[in-house]
There are 2 protein chains.
Amino acid sequence: MSAADTRNMIVEVADRLFYENGYEHTSFADIAARVKISRGNFYYHFKTKDEILAAVIERRLSDRGTMLLQWELDAPDPLARITCFIKILITNQTKIMAYGCPVGTLSSELAKLNHPLSGEAVKLFTLFRDWLTQQFEAGGCGPQSGEFALHILSRSQGAAMLANAYRDPAFVQREVDEMCEWCAKRLTRTS
Amino acid sequence: MSAADTRNMIVEVADRLFYENGYEHTSFADIAARVKISRGNFYYHFKTKDEILAAVIERRLSDRGTMLLQWELDAPDPLARITCFIKILITNQTKIMAYGCPVGTLSSELAKLNHPLSGEAVKLFTLFRDWLTQQFEAGGCGPQSGEFALHILSRSQGAAMLANAYRDPAFVQREVDEMCEWCAKRLTRTS
DNA sequence: GACTCATTAGGACAGTTGTCCTATTTCTGA
DNA sequence: TCAGAAATAGGACAACTGTCCTAATGAGTC
């Protein structure tokens, strides 16, 4: 197997384990066991655990980036696109209820650890923040767009947090609906 | 020193360290160093780390419980009381920006660890949830009170999450103001 | 087939973890 | 004052952590 394949496999598995069990709670041994390579072999691909984390964050940034681009192709207007974002809460409901939001929980964990890559994790937030801002701007919200973006981001995070705590689908649905309504009121329809 | 005093000291220090550095990232040694007792002496007061966690959660439940009671004494009507809740985001702004919400981050960490006391941590949410529900009921929101309570809890969590990520006081202030406004619209004033 | 270089396996290493035991000290009550 | 209990100190213990080294294996080229 090529080194790139193995590396990708490591990052993929680490991505999942960091999400499901947390960064600190995931050990080299855990990852190695699932990738089915020896523990020592890690050193060939990644010198430190932080390097894996950096690769995982990069991977998530890339994943979410293409997801956002896809929404721009799939959805005709800004409101529909923002709706796509809000509805991840429902699309990924099962995982969010079990593990919370992948962006929020990582950012919060790294902040507590005072981890040097804490700022990198926040870039995941910023990716969505900037994209949402663009959509609100395109929807005619003008200089308020940035604040609207943060607002929706914030409410999504809150919904994900409580979804994880209470695992109540009805609550998630309500919050999603209200957020969509909130956006609909503020966006001029173009289609 | 009496055993109760030492025990309280341990729980107090553990409470702070669990909040600032996370439960898993805090070791017996860390706590012992700050309480200035020997590591081995822990075993006399707590058999396991989980027992400390249980005591910390109990302490937080009690702390927050008396805080809620105090608000009922200080604030004249339900709107003013709910406003007290919302404004913790500003009162504890510095700590929330540095470490997030003590309730949310603990609940989320324990969920990821699949920790047996995960449910106990959620009780902290429920404490606020039930209290908020009572306030909305007292404010005349009727059967919607429970949903309103969850909604405000959710938005507070989102605001705390992004406050931690971006450390932007203006954002926090905006969210607080909007939440207060949202509540004011739905509560009948009694004073 | 022999040589080279990329990839892997296996284990060494020191440090830390939670847990637990046993002496020693400190305090208390008769 | 002194016995007994309460509280503490110090360290043992195996398990695990991230890091790092070295030897073996693999594939592809001359």
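Here is how names work: the chains are called A, B, and so on, in the same order as the sequence lines, proteins then strands, and each is numbered from 1. Heavy atoms only: backbone and side chains are in, while hydrogens, waters and symmetry mates are out.
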In whole angstrom, what separates [X]'s [atom1] from [N]'s [atom2]?
X: F42(B); N: dC13(D); atom1: CZ; atom2: P; value: 22 Å
X: E51(A); N: dC20(D); atom1: CD; atom2: P; value: 10 Å
X: M9(B); N: dT8(D); atom1: CE; atom2: P; value: 10 Å
X: N41(A); N: dG26(D); atom1: CG; atom2: P; value: 14 Å
X: F46(A); N: dT7(C); atom1: CZ; atom2: P; value: 13 Å
X: H45(B); N: dC20(C); atom1: NE2; atom2: C1'; value: 15 Å
X: K36(B); N: dA7(D); atom1: NZ; atom2: C1'; value: 19 Å

Practice task
May I ask you to decide if R129(A)'s main-chain N or O and T126(A)'s side chain share a donor-acceptor pair within less than 3.5 Å?
Solution key: no
Using a cutoff of under 3.5 Å, can you pull out all pairs of nitrogen or oxygen atoms linking the protein to nucleotides 16-18 of chain C, with atom names and distances?
unit_1, atom_1, unit_2, atom_2, d
dT17(C), OP1, S27(B), OG, 3.3
dG18(C), OP1, K49(B), NZ, 3.1
dG18(C), OP2, F28(B), N, 2.9

Problem - salt bridge (charged side-chain N to carboxylate O under 4.0 Å, His left out) partners of R81(A), counting only residues at least two apart - result: none
Any [X] side-chain N or O less than 4.0 Å from OP1/OP2 of [N]:
X: T6(A); N: dT8(C); result: yes
X: Y44(A); N: dT7(C); result: yes
X: Y43(A); N: dT19(D); result: no

Problem - Presence of salt bridge, R16(A) and E20(A), under 4.0 angstrom - result: yes
Exercise for the section: Please determine if K47(A) forms a cation-pi arrangement with Y43(A), meaning its NZ or CZ atom is less than 6.0 Å from the six-membered ring centre and no more than 45° off the ring axis. Expected result: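 K47(A) over Y43(A) ring: yes.
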Practice task
State yes or no: are the ring centers of Y23(B) and H115(B) separated by less than 6.0 Å?
Solution key: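 Distance test on ring centres: under 6.0 Å, yes.
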Fill in the blank from the handout: For residues 130-156 of chain B, the salt bridge (Lys or Arg N to Asp or Glu O under 4.0 Å) pairs (sequence neighbours left out) are R174(A)-E147(B), R155(B)-E178(B)
